[in-house]
Protein chains: 2
Amino acid sequence: MDRFKRQILADEKRIYRTDKRRQQKLETRIRILDAALDHFSRRGFEAAAVRDIAADAGVTHAVIRLHFGTKDQLWREAVSQLFARFEQEMADPPEEPTSATPSLAQFIRRYVLYSARHPEHARIMMHESMEPSERLSWMVDTYVIPAHRRVMPALERAVQGRRLPAMSLVSLIYIISSSGQSLFMLGAEAKLIYGIDVAAPETIDQHVAAVLALLRISYGSTVGADRQSEGAIGIA
Amino acid sequence: MDRFKRQILADEKRIYRTDKRRQQKLETRIRILDAALDHFSRRGFEAAAVRDIAADAGVTHAVIRLHFGTKDQLWREAVSQLFARFEQEMADPPEEPTSATPSLAQFIRRYVLYSARHPEHARIMMHESMEPSERLSWMVDTYVIPAHRRVMPALERAVQGRRLPAMSLVSLIYIISSSGQSLFMLGAEAKLIYGIDVAAPETIDQHVAAVLALLRISYGSTVGADRQSEGAIGIA
DNA sequence: GATTTTACTATCCAAGTGGATATATAAATT
DNA sequence: AATTTATATATCCACTTGGATAGTAAAATC
């Protein structure tokens with residue numbers, strides 16, 4: 001269980017500290033969401049089995065129905081948790097205790113480090129983004145478009161200010177996000193081809209450096225320097 | 001049916017032109033492989049249903065068993081076809097009638113154009129590369145490692161010759177391949193977010209330009225200039 | 001033209017799926 | 001301590017899945 005989930009758990013425990021049932025229900029809920037994220041990201045929505053998720057969470061599959069209703073609703077809850085954590089960690093990254101409005105380089109670094117820490121994010125989006133579906137439309141409308149909207153102006157300024165090469169902004173955002181995610185998302189493949197563990201700190205540092213070298217940006221200009229609210233910026 | 005499949009079909013027809021059954025069997029086989037590639041790439045191995053593939057191919061699911069045996073064997077046949085076409089089109093691209101040993105820029109361009117023409121390639125690999133499996137090991141050993149081996153020396157020379165920024169070669173190859181593929185692979189998502197059709201020629205041209213601008217390479221230095229055999233080079 | 005070969009169909013099967021419901025059990029309330 | 005509430009379990013259901021097999025019809029062979 002990571003920092004984010006522990007925080008929620010602690011909050012809830014404080015609120016309902018007299019009610020043991022609510023505590024246990026919440027812990028079960030978190031275990032289910034955790035297992036769901038793991039299965040959905042590795043296998044995709046259709047191939048993931050509710051019974052397998054339940055087994056990993058230490059409950060029977062009927063409990064999932066009780067907590068979340070349908071498999072579809074479970075998926076949406078899991079994706080919501082995922083994006084909530086994404087936005088939180090991009091605004092206030094674990095690796096930067098005191099976080100100010102990030103420079104373009106810092107922002108890219110945060111994004112790559114997040115992708116390395118949580119490869120399930122890219123995986124779950126990949127599985128859904130390859131063919132149209134209700135789930136994809138919902139995820140895009142609810143989370144992806146807002147995230148792109150937050151980061152697009154900064155990228156546009158960087159291109160116009162010649163801090164990034166001139167190119168289509170759509171291509172740019174797809175290149176940046178896929179470059180940052182790919183190595184970690186495809187960890188199983190990279191392990192087989194190169195024998196590397198993409199979760200190793202050296203590998204992660206190398207990849208951060210590689211993406212920054214490719215974009216040829218350093219820790220100079222700030223992203224969203226003109227608006228404080230853009231501190232909690234995100235690409236997805 | 002694309003040029004590659006028609007070619008095979010024509011060859012086979014010439015050989016067995018007196019045997020109508022062989023012709024029809026081959027045509028059925030091609031229709032099945034075509035549908036299989038489509039389903040496996042969009043939905044992944046587990047979620048794709050043999051019956052659905054059969055329906056799209058205009059046969060019953062028992063025919064697939066007759067032609068290919070198990071679902072797993074069908075997948076392998078489809079992937080083999082995919083990589084055969086990949087290697088053929090990278091060595092002799094449809095957009096370049098007379099193909100010589102490509103420059104680095106030409107090679108990147110070929111790769112992006114191939115990815116745009118056949119987004120199912122990246123999709124099928126993505127679905128398989130997110131968690132270890134027998135299928136992944138087989139695909140990596142049989143096709144991906146050889147393809148990486150063919151292109152790695154050229155990339156290494158480009159980095160050492162300062163034609164590409166200094167970085168980990170593993171990161172570099174993941175960045176190049178994901179950058180080239182992502183926009184087309186995620187066409188469904190891009191359509192929802194930006195309303196664009198990633199198959200449109202303008203979009204494709206823009207993306208080729210974007211990847212080349214990012215790598216800051218032009219049509220100067222050749223890839224594998226010292227060895228003619230590297231003409232049939234590939235990234236996967 | 002009769003016989004053999006073979007690509008394909010119709011149908012069956014066991015296993016696994018998402019979902020539904022009745023029951024048990026433990027915690028909270030009175 | 002008895003009663004109520006609610007979380008989790010055991011089980012059932014209709015449906016789909018990959019796979020298997022017996023039968024059909026058309027093409028090739030004689």
Side-chain angles (χ1 to χ4, degrees), chain A residues 9 12-13 15-36 39-40 42-79 127-128 133-135, chain B residues 9 12-13 15-36 39-40 42-79 127-128 133-135:
Chain A
L9 192 57
E12 297 283 346
K13 269 181 176 164
I15 295 166
Y16 305 114
R17 66 189 178 285
T18 57
D19 193 333
K20 194 173 174 182
R21 274 193 300 212
R22 292 216 193 201
Q23 265 181 47
Q24 286 188 338
K25 182 175 187 179
L26 192 70
E27 278 164 17
T28 301
R29 183 188 159 85
I30 288 170
R31 283 205 317 279
I32 292 172
L33 282 175
D34 212 32
H39 280 252
F40 285 139
R42 286 190 298 102
R43 307 176 55 79
F45 178 81
E46 313 275 4
V50 173
R51 277 174 173 80
D52 294 344
I53 293 169
D56 272 16
V59 293
T60 63
H61 78 286
V63 176
I64 288 184
R65 203 187 163 274
L66 178 76
H67 280 248
F68 298 97
T70 67
K71 184 185 183 183
D72 200 88
Q73 289 173 289
L74 170 64
W75 183 88
R76 287 177 195 228
E77 281 293 319
V79 169
H127 278 301
E128 292 304 323
S133 73
E134 269 301 308
R135 288 189 305 280
Chain B
L9 191 57
E12 297 283 345
K13 268 182 177 164
I15 295 166
Y16 304 115
R17 66 189 178 286
T18 57
D19 193 333
K20 195 173 174 183
R21 275 194 299 213
R22 291 216 194 201
Q23 265 182 47
Q24 286 188 338
K25 182 175 187 178
L26 191 70
E27 278 164 18
T28 301
R29 182 189 160 85
I30 288 171
R31 282 206 317 280
I32 291 171
L33 282 175
D34 212 32
H39 281 252
F40 285 139
R42 287 190 294 103
R43 307 176 53 81
F45 178 81
E46 312 276 4
V50 174
R51 277 173 173 80
D52 294 345
I53 294 169
D56 273 17
V59 294
T60 64
H61 76 286
V63 176
I64 287 183
R65 205 189 162 272
L66 178 76
H67 280 248
F68 298 97
T70 66
K71 184 186 183 182
D72 199 89
Q73 289 173 289
L74 170 64
W75 182 88
R76 287 178 196 228
E77 282 294 318
V79 168
H127 279 300
E128 291 305 322
S133 73
E134 268 302 307
R135 288 189 306 281

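The sequence lines fix the lettering, A, B, ..., with proteins before strands; numbering per chain opens at 1.
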[X] [atom1] - [N] [atom2] separation (whole Å):
| X | N | atom1 | atom2 | value |
| --- | --- | --- | --- | --- |
| B:R29 | C:dT6 | CZ | P | 17 Å |
| B:I53 | D:dG19 | CD1 | C1' | 14 Å |
| A:D52 | C:dA15 | CG | C1' | 13 Å |
| B:L26 | C:dC8 | CG | C1' | 16 Å |
| B:E27 | C:dA7 | CD | P | 13 Å |
| A:D72 | C:dG18 | CG | P | 12 Å |
| A:F68 | C:dG19 | CZ | C1' | 16 Å |
| B:K71 | D:dA20 | NZ | P | 14 Å |

Which part of the nucleic acid, if any, lies within reach of A:A48 when heavy atoms closer than 4.0 Å are counted: base, sugar-phosphate only, or nothing?
sugar-phosphate
Is there a side-chain contact (heavy atoms from CB on, under 4.5 Å) between A:R42 and A:H127 once you walk through the steps?
CA-CA 9 Å; A:R42 286 190 298 102; A:H127 278 301; 5.8 Å; no
Taking A:L74's backbone N and O only, do any of them form a donor-acceptor pair with A:E77's side chain (distance below 3.5 Å, no angle check)?
no
A:I64/A:K71 under side-chain contact (heavy atoms from CB on, under 4.5 Å): CA gap, chis, key distance, verdict:
CA-CA 8 Å; A:I64 288 184; A:K71 184 185 183 183; over 6 Å; no
In terms of side-chain heavy atoms, does B:H39 have a donor or acceptor partner in B:D52 at a distance below 3.5 Å?
no
Would you call the rings of A:F45 and A:F40 parallel, tilted or perpendicular, taking 30° and 60° as the class edges?
parallel
Reading 5' to 3' through nucleotides 6-11 of chain D, protein heavy-atom contacts under 4.0 Å coded B for base, S for sugar-phosphate only, - for none:
SSBBBB
Would you say that A:R29 contacts A:F68 through its side chain, given a criterion of any heavy-atom pair below 4.5 Å between the two side chains?
yes
